[in-house]
Amino acid sequence: MTKTYYEFFCPVKVIAGKAALEHIPYELNGLAAKRPMIITDKGVRAAGLLEPVITACEESGLDIISIYDDVPPDSSTTVVRDIAAIYRKEKCDSIIAIGGGSAIDTGKAVNILVSEGGTDIAKYTGAGVLKHPLKPFFVVPTTAGTGSEVTSVAVITDEAKGVKLPFSSSYLLPNAAIIDPRMTLTLPPHITAATAMDAMTHAVESFTCMAKNPLSDAYATAAIKKVSQSLLHVMDNPKDSHGRLELAQASTMAGIAFSNSMVGLVHSLGHATGAICHLPHGLCMSLYLPYVLEYNLETIREPLGELLLYLEGPEVYAATPASRRAEASISALRSLRDALYKRCQLPRTLKETGKVTEDQLDPIAEMALDDGSIMFNPKEVTLTDARAVLQRAWA
Amino acid sequence: MLAKRFQPMASHARRLYVELMFQVMGRALQAISEVDSEVQREARTLPQGFLFEMMVMPNGSKLIVEHIGEGRFHYHGGSAPRPMDVSIRFKHLAHAFLVMSFQEKTAVAFANDRMLVDGDVSYAMRMTRVLNRLESFILPRIIARRAVKEYPENLHLPEKLISAAQIYLKVATHFVQTARA
């Protein structure tokens, strides 16, 4: 069906490929930024991923004024306030977030405080609160999956109240996303697989859910093709920088796709499972994807069938009868998961995770129904439906 | 020329229609929370005193209801006693009209960026389910199918007719009481 109305927005400059990091000084200079602060986590620093960024800046005569490397996996309002205080004390004028989803979200939140003023980030929670552009903000992703470098949202935990604060504004989008294959070369196999399946899920849900549109479709299909062609190759050749770049680009493209067309039930279940069972997000995405596609099948038969071309290539697509392509797409995703299980034991069922008990399925189903992404699932989901999908995903 | 002359009238008519629909839906929300156990189950998890608003930006018609406890809603009309907990805001009168005249499903309107949600998204999802159930009850099946993503399979005619009659009776009573006051 033709989309009668849609919106698409992505003003992020994507700087991707060999020696991309070396473009940072030039790009900062173009925004009159001279005193950048790096926000990252201990894992990134320990993996030696800060050195190429610092060296790239120093070689162009640009000093990194301050480095905060203690962002926790679930960033909090206290961390954001502390980093903003250091930014102000050191008179920084720009932010470079280096890391995965948490470091990037923290960078976005810190940018709100240092641009808008104050120490209480909770004041800016919600949609459309920000009315002005923020300070220059660059993102260097070190995982290939979240797509946070091209999304206009951030989530920060308010420890005192025990709630997650969402922030949504187009001003949270970074000025530039720097995609350099050096930053993902050392990712361990398990994380490479889970994050790539996160990108795959962003793209598949973007292409099959209610807010799909022609522009997000183009990004989604390109992302699916890249993940399908490169993921297993990278798993077998982790030091292949071309393959790493392909996955990193797929992640960014899938991020652009889903931030303009939203996601559905896979994410609703994944968010709930993450909150209740503390499983990594990418793992949850990989786990639920085929079960949710089977649940949605009759509503999404046509777009899901189209995806076979990008999942398996033109020969398989041409040889598969149109009426069987949707099922063949699900089979392709299942085969990919089986191959990943063989290589790094990425769980395919809740039981295989070893971290979920059967009595947690009901609370997961109930929480999933209240997740915002369920609104965009093409099929109405009842509590009974959610429970049924979870039962199928159990073992 | 003629179209230009009629445009203000059409706009005024749409405004009146949306205002009327908000008034009916607000009262109907209060009514359904008094008769339907499923709506009461959904509403019970909302905090007591929780305020929900649907409105047309920037300062158009409003529908405000409060959860007064035990899964019951109270309709406040267009003015609120406190700041809202959750607000669903149509970006324009035309978008509210599309939804209120059942030309665009609520879920499609969300997908088309016609509305903004301000406040706790999980509560907004709960209220959307309540609104969907209300529409399934009070609208004829053929129209309800245009309003909700999926018409509930387990909603059969006798239950629908009895509940709809109760809701409409309560809405009419509330209108009369408001007019008398």
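Values in this document were obtained by computation on a predicted structure and should not be read as measured data. Quick note: numbers below take in every heavy atom, side chains included, and nothing from hydrogens, waters or symmetry partners.
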Applying a heavy-atom distance below 4.5 Å, give me the residues of residues 79-87 of chain B that approach chain A, sorted by number.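 Contacts with chain A: none.
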Enumerate by number any residue of residues 102-126 of chain B whose heavy atoms lie under 4.5 Å from heavy atoms of chain A; in the absence of such residues, state 'none'. B:Ala107, B:Val108, B:Phe110, B:Ala111, B:Asn112, B:Asp113, B:Arg114, B:Val117, B:Asp118, B:Val121, B:Ser122, B:Met125, B:Arg126
Selection from A:Ile374, A:Asp370, A:Leu369 maximising heavy-atom pairs under 4.5 Å formed with chain B: A:Asp370
Counting only heavy atoms not in [X] (residues, nucleotides, ligands), do more than 12 fall under 6.0 Å from its [atom1]?
{"X": "B:Gln48", "atom1": "CD", "answer": "no"}
{"X": "B:Phe52", "atom1": "CZ", "answer": "yes"}
{"X": "B:Asn59", "atom1": "CG", "answer": "no"}
{"X": "A:Arg301", "atom1": "CZ", "answer": "yes"}
{"X": "A:Arg387", "atom1": "CZ", "answer": "yes"}

Just by distance, do the side chain of B:Arg129 and the backbone of A:Thr382 share a donor-acceptor pair under 3.5 Å?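 No; judged by distance alone, with no hydrogens or angles, the pair does not exist.
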Taking the side chain as every heavy atom from C-beta outward, state whether A:Lys379 and B:Lys149 have any pair of such atoms under 4.5 Å apart.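 Side chain of A:Lys379 against side chain of B:Lys149, heavy atoms only: no contact under 4.5 Å found.
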Is chain B contacted by the side chain of [X], its backbone, both, or neither, given a heavy-atom distance below 4.5 Å?
{"X": "A:Tyr6", "value": "neither"}
{"X": "A:Met375", "value": "both"}
{"X": "A:Pro166", "value": "neither"}

Taking B:Arg133 first and then A:Glu380, would you say they form a salt bridge - that is, a charged N and a carboxylate O separated by under 4.0 Å? no
